[in-house]
Amino acid sequence: MNSIPHWTTYLTALMTPTVAILGLLIGWRQWRLAQNKLKLELFEKRFAVYEATLRFIATILSSGKAEDYEVFQFRSAIREAKWLFEPSVAEYLEKQLCHKAIDLLTLRSELDGVPVGEVRTKNVHAQAEIKKWFLAQTGELDAKFSPYLRLSH
């Protein structure tokens, strides 16, 4: 009898570890694919909030005023922000942007019927300050959102 094992014996012995390694590689690749899919889905939802915010600021800057329905639309668009971002970003959107828009809306409604004079001038200056603040927020917005809108691996 021959004491050297046949090549099929070696092949049979190597088949189990080879299948196990391939299974691990496939599992790892599926896990990576799921992670990347999650990143993409989060990016899409976060970018929608970013776009809505940018659109809201642009509307205020282009028209010089905030309307009730615009504030309502913006609040609806940022509703998910508290689950998609850190609390500081959600608070910035809700407490700062919305509240400033409501302040602008209030000042504008108070201006109706006010004759030319000191009260009207103060109101117009207060509106101008809020509009300047909104103009500065375009840069601030990028700084706040950029950590959440990166797709780096």
Side-chain angles (χ1 to χ4, degrees), residues 14-153:
L14 290 175
M15 198 55 111
T16 302
T18 304
V19 169
I21 290 170
L22 283 174
L24 282 173
L25 284 173
I26 291 170
W28 179 76
R29 289 297 296 165
Q30 286 181 332
W31 175 78
R32 290 278 295 149
L33 184 64
Q35 290 296 102
N36 289 338
K37 185 178 177 186
L38 176 63
K39 279 184 184 180
L40 182 61
E41 288 173 1
L42 272 174
F43 174 83
E44 289 173 350
K45 288 181 181 233
R46 289 171 173 170
F47 194 73
V49 173
Y50 171 78
E51 273 188 319
T53 305
L54 199 56
R55 197 169 35 252
F56 181 63
I57 292 172
T59 300
I60 289 173
L61 291 175
S62 65
S63 68
K65 59 185 177 181
E67 298 290 344
D68 286 331
Y69 69 91
E70 292 166 342
V71 174
F72 177 75
Q73 283 179 335
F74 177 64
R75 292 197 62 183
S76 294
I78 65 167
R79 187 179 59 240
E80 296 177 340
K82 59 186 164 189
W83 293 289
L84 296 171
F85 300 99
E86 294 284 326
S88 63
V89 175
E91 187 174 303
Y92 165 75
L93 295 171
E94 179 66 34
K95 303 272 190 230
Q96 292 184 30
L97 288 175
C98 274
H99 288 190
K100 286 285 188 181
I102 291 169
D103 290 346
L104 186 61
L105 181 66
T106 304
L107 285 169
R108 185 137 178 100
S109 67
E110 289 174 354
L111 191 62
D112 291 339
V114 176
V116 175
E118 188 177 328
V119 174
R120 185 175 186 89
T121 303
K122 281 184 180 179
N123 184 305
V124 170
H125 284 296
Q127 286 186 50
E129 287 301 314
I130 293 174
K131 291 172 192 175
K132 288 176 189 174
W133 182 87
F134 271 106
L135 183 61
Q137 296 315 297
T138 55
E140 183 73 21
L141 193 64
D142 287 343
K144 289 205 179 284
F145 277 80
S146 66
Y148 303 100
L149 296 177
R150 296 183 200 270
L151 287 177
S152 60
H153 296 283

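Owing to the predicted nature of the structure, the values given are computational and were not obtained by experimental measurement.
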Can you tell if the side chain of [X] reaches within under 4.5 Å of the side chain of [Y], non-hydrogen atoms only?
{"X": "L33", "Y": "R29", "result": "no"}
{"X": "E94", "Y": "R75", "result": "yes"}
{"X": "V89", "Y": "V49", "result": "no"}
{"X": "F145", "Y": "F85", "result": "yes"}
{"X": "F56", "Y": "I78", "result": "no"}
{"X": "F74", "Y": "E70", "result": "no"}
{"X": "W133", "Y": "E140", "result": "no"}

Could you tell me whether E118 and K122 have a side-chain N and a carboxylate O separated by less than 4.0 Å?
yes

Nearest 0.5 angstrom please: [X] [atom1] to [Y] [atom2], how far?
{"X": "L107", "Y": "E129", "atom1": "CG", "atom2": "CD", "value": "11.5 Å"}
{"X": "E67", "Y": "R108", "atom1": "CD", "atom2": "CZ", "value": "7.5 Å"}
{"X": "L97", "Y": "I60", "atom1": "CG", "atom2": "CD1", "value": "8.0 Å"}
{"X": "D68", "Y": "L105", "atom1": "CG", "atom2": "CG", "value": "4.5 Å"}
{"X": "I21", "Y": "I26", "atom1": "CD1", "atom2": "CD1", "value": "12.5 Å"}
{"X": "R120", "Y": "L111", "atom1": "CZ", "atom2": "CG", "value": "4.0 Å"}

To check you understand the geometry: which heavy-atom pair defines the closest contact between [X] and [Y], and what is its length?
{"X": "T18", "Y": "L14", "result": "OG1-O, 2.7 Å"}
{"X": "K65", "Y": "S63", "result": "O-OG, 3.0 Å"}
{"X": "I130", "Y": "K100", "result": "CG2-O, 3.8 Å"}
{"X": "K131", "Y": "L61", "result": "O-CD2, 3.6 Å"}
{"X": "V71", "Y": "A66", "result": "CG2-CB, 4.4 Å"}

Walk me through it: do Y69 and F72 pass the test ring-ring contact (aromatic ring centres under 6.0 Å, His included)?
CA-CA 5 Å; Y69 69 91; F72 177 75; 9.8 Å; no

Counting neighbours of NZ on K45 that are heavy atoms of other residues, nucleotides or ligands and sit closer than 6.0 Å, is the number greater than 12?
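No, not enclosed.
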
Under the side-chain contact (heavy atoms from CB on, under 4.5 Å) test, which residues partner T16, sequence neighbours left out?
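Listed in chain order: nothing, the list is empty.
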
